[in-house]
Number of protein chains: 2
Amino acid sequence: MDAHVRRLESLVALLKEKGCRVTPQRLAILRVLTQSRGHPSAEQVHARLARQYPTMSLATVYKTIALLKQAGEILELQFSDLGNRYDGRRPHPHPHVICTRCGSIVDADAPLLDDAAERVSRETGYAIAAHRLDFFGLCPACLKKDAARKAS
Amino acid sequence: MDAHVRRLESLVALLKEKGCRVTPQRLAILRVLTQSRGHPSAEQVHARLARQYPTMSLATVYKTIALLKQAGEILELQFSDLGNRYDGRRPHPHPHVICTRCGSIVDADAPLLDDAAERVSRETGYAIAAHRLDFFGLCPACLKKDAARKAS
DNA sequence: GTCATTGCAAAGCATTTGCAAGTCG
DNA sequence: CGACTTGCAAATGCTTTGCAATGAC
């Protein structure tokens, strides 16, 4: 069984435990969130469901995301320029790489930041609970377009 | 001469070089941005200038910030829930620690992320130009309030 | 049958933009 | 003086909320 199917089922189980109803809309939204590697926005999740669920409301997408956020089962990457992006596959902090031209977001392997969190905690007196590490630059596709433009 | 005064003057010089006018409003905004350790929002910058410049417009604050952003002379920390915060003192990437209760933001010392950027670049094919490292948790003041509440 | 959830529309916020009036150089 | 800047107000874009109708259990 694929990992994302298992994850989907664990999220459905979680909703049931909490006494939440598992509606077709929620199920569809969870499916998109657990399967998307691309860190979609709420808008993009909604768009992907538009054909199959023509009456699906963007508000419902936001409400379902809020539910998952509360449960700590989704990672929210806040950007004021790109809009918020969501990672429903790996809810725990891990580094991301963001293209400053096209907005694409990919995962990176985790540099060892857990001991850094402890160091920062000692240094500042904050009780560190989470972190966020983003790298910004041009993605391979945008780099290629740049090279092509320069060559012409 | 204090470091922030030197920084203020270098920003003024930069504006002149670019052919921008150094208006009293811009000067005041630069002064707040180069002196604030607290990573203020545009709103907060505006509020701090309200007494001295009663007609100061929030739009002018935003426009001045945009100018500095273009010049790479201000660090913008995007948060969709707190609103964007600005660091005009140290425009180059460095780690921040954010209180998830009261929103206070302080600087942390930089764990060595420059070689990490190179590693991520090799790993993903992105040309990394910048990064952002945030730690989230409760600040000492909020922790103290929690302890007091628990004790009562 | 109940009560949570949906979908629409309206409201909310932070930020940006258009433009007439003002002012720096 | 002329071009750039200001300040107001309107517009924008993302997200949240109110509420009547719907549907899961």
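Not measured: the values here are computed from a predicted model. We use all heavy atoms of the structure for the numbers below, so side chains are in, but hydrogens, waters and symmetry mates are not. Labels below follow one simple rule: chain letters A, B, ... track the order of the sequence lines, proteins then strands, and each chain is numbered from 1.
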Begin from the C-alpha positions of B/Asp146 and B/Arg101 and carry the test salt bridge (Lys or Arg N to Asp or Glu O under 4.0 Å) through to its verdict. CA-CA 11 Å; B/Asp146 258 25; B/Arg101 183 157 311 153; 2.5 Å; yes
Presence of [X] side-chain N/O under 4.0 Å of [N] phosphate oxygens OP1/OP2:
{"X": "B/Tyr62", "N": "C/dT15", "result": "yes"}
{"X": "A/Gln25", "N": "C/dG7", "result": "yes"}
{"X": "A/Thr55", "N": "C/dG7", "result": "yes"}
{"X": "A/Ser57", "N": "C/dC8", "result": "no"}
{"X": "B/Arg26", "N": "D/dT5", "result": "yes"}
{"X": "A/Asn84", "N": "D/dC14", "result": "no"}
{"X": "A/Thr23", "N": "C/dT6", "result": "yes"}

Basic-acidic side-chain contact under 4.0 Å: B/Asp134, B/Arg132: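 Looking at B/Asp134 and B/Arg132, the cut-off is met.
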A/Arg7 bridged to A/Glu73 by N-O distance under 4.0 Å: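 Yes, A/Arg7 and A/Glu73 are salt-bridged.
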Under 4.0 Å, heavy atoms only, any strand: does A/Pro54 hit a base, just the sugar-phosphate, or nothing?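 Result for A/Pro54 = nothing.
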Measure from the ring center of B/His94 to the ring center of B/His96 and say whether it is less than 6.0 Å.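 Distance test on ring centres: under 6.0 Å, yes.
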To the nearest angstrom, how far is [X] atom [atom1] from [N] atom [atom2]?
{"X": "A/Arg85", "N": "D/dT15", "atom1": "CZ", "atom2": "P", "value": "10 Å"}
{"X": "B/Asp81", "N": "C/dA14", "atom1": "CG", "atom2": "C1'", "value": "12 Å"}
{"X": "B/Leu77", "N": "C/dA14", "atom1": "CG", "atom2": "P", "value": "17 Å"}
{"X": "B/Met56", "N": "D/dT6", "atom1": "CE", "atom2": "P", "value": "8 Å"}
{"X": "B/Phe79", "N": "D/dC14", "atom1": "CZ", "atom2": "C1'", "value": "18 Å"}

